[in-house]
Amino acid sequence: MKVERLIGILSILLQREKVTAPELAEQFEVSRRTIQRDVEALCRAGIPIATAQGAGGGISIMEGYRVDRTVLTAPEMGAILAGLRSLDSVSGTRRYAQLMEKLSAGAAALVSGGSHMLIDLSSWYKTSLPPKIELIQGAIEQHRVLRFAYFSPRGESARTVEPYYLVFHWSAWYVWGWCRSREDFRLFKLNRMTDLAAGEAFEPRPAPLPDLAPERIFPAKYFVTVLFDPTCRWRLVEEYGADCFTAEPDGRLRFTSSFPDADSALSWALTFGDREELMEPQELREQRGTLAEALARRYRKGD
């Protein structure tokens, strides 16, 4: 893509004293004429680039700009490269690794070979997720609607969405777009989509960035208190932090927090098996007891 190539050319020029058009053309696998147009585009963007013909000539950035306006430091470049590498962990391709190689070309002094930051965004859904991301990226770039079946706690529904952003949040991937059936912007989890396909083109509308504040997506409507066995300490710390509980005289851990609904609170507590006792609210405690009795009857020997 042109933007990626322009970033790559600028990065190389900031790291090297001089480079020739044939070198850049070979590096980015384009023609010399394309490189000349790219250099002109950088000049129009305000980058002071000088070109010299003949032996010893080439393309360079004016010295004053190089000294006073260096765009990327070594830590900044390292962070960019780590981010690019992480995108390949999702797509399963080397597309961004190739861009990374172009960005770091001739930058041995600026970018070390052994990055100390590794980001892996892949998931358990390595087979189904990358094709969805690829299709959604294409639909966003080409302004095409997405059609899919969507599964939520309320049931299954057919959706037509104008996509605007791919979002990685809460350890999962989402698409943010205008839902035509709800006539509003919505966030859709990729793992809940089936029969995903791109449709006709649409006219883009002003799209706000998604508000991903936890209190908006998961509003605090249901407060619970649970007593946990001390062996659950590691998980409470991992999921809610070291300050989420207090120790009782008998060693159990008193945990209080909020959930968006009763089902979420009950299902989460159940994942701890018999190592928890749901104390409040009373109605949820009663539901927990009723469920335990039903399960006991189901699995009782001889039934």
Please indicate whether Glu40 has more than 12 foreign heavy atoms, meaning atoms of other residues, nucleotides or ligands, lying under 6.0 Å from its CD. yes
Atom CD of Glu200 with >12 non-hydrogen neighbours under 6.0 angstrom: yes
Criterion ring-ring contact (aromatic ring centres under 6.0 Å, His included) against Phe188, the qualifying member of Trp176, Phe148, Tyr174: Phe148
Could you check whether any side-chain heavy atom of Lys132 comes within less than 4.5 Å of a side-chain heavy atom of Met193, counting everything from C-beta outward? yes
Would you name the heavy atoms of Ser181 and Arg159 that are closest together and state the gap between them? OG-CD, 3.7 Å
Would you give the length of the straight line joining atom CG of Leu291 to atom CD of Glu286, rounded to the nearest 0.5 angstrom? 13.5 Å
Cation-pi, Trp178 ring and Arg205 (6.0 angstrom, 45 degrees): yes
Aromatic ring centroids of Phe228 and Phe245 under 6.0 Å? no
Roughly how far, to the nearest 0.5 Å, is the CD1 atom of Ile140 from the OH atom of Tyr164? 10.5 Å
Does Asp184, at its CG atom, have more than 12 non-hydrogen atoms belonging to other residues, nucleotides or ligands within less than 6.0 Å? yes
What heavy-atom pair brings Ala172 and Lys189 nearest, and what distance separates the two atoms? CB-CE, 3.6 Å
Thr225 side, atom OG1; Leu278 side, atom CG - distance, nearest 0.5 Å: 8.5 Å
Backbone N/O of Ala52 and side chain of Lys18: donor-acceptor pair under 3.5 Å: no
State, yes or no, whether a side-chain contact exists between Asp195 and Arg147 at a heavy-atom distance under 4.5 Å. no
Take Gln36 and Val39 through the test side chain to side chain contact (heavy atoms under 4.5 Å, CB included) and record every step on the way to the result. CA-CA 5 Å; Gln36 291 171 356; Val39 169; 5.7 Å; no
Is the shortest side-chain heavy-atom distance between Leu166 and Ile133 below 4.5 Å? yes
Residue pair Leu190 / Ile136, side-chain heavy-atom distance below 4.5 Å: yes
In terms of ring plane angle, is the pair Trp268 and Tyr240 parallel, tilted or perpendicular, where the classes change at 30° and 60°? perpendicular
Side-chain contact test, heavy atoms from C-beta onward, threshold under 4.5 Å: evaluate it for Leu253 versus Leu227 and give yes or no. no
Donor-acceptor check, side chain of Glu293 to backbone of Leu295, threshold 3.5 angstrom: yes or no? no
What I'd like to find out is whether the side chain of Thr271 reaches to under 4.5 Å of the side chain of Arg235, using heavy atoms alone. yes
When you measure from the side chain of Asp229 to the backbone of Cys232, do you find a donor-acceptor pair of N or O atoms at a distance under 3.5 Å? no
Could you tell me whether Gln282 atom CD has more than 12 heavy atoms of other residues or ligands within 6.0 Å of it? yes
Can you confirm whether Pro208 sits close enough to Phe185 that some side-chain heavy atom of one is under 4.5 Å from a side-chain heavy atom of the other? yes
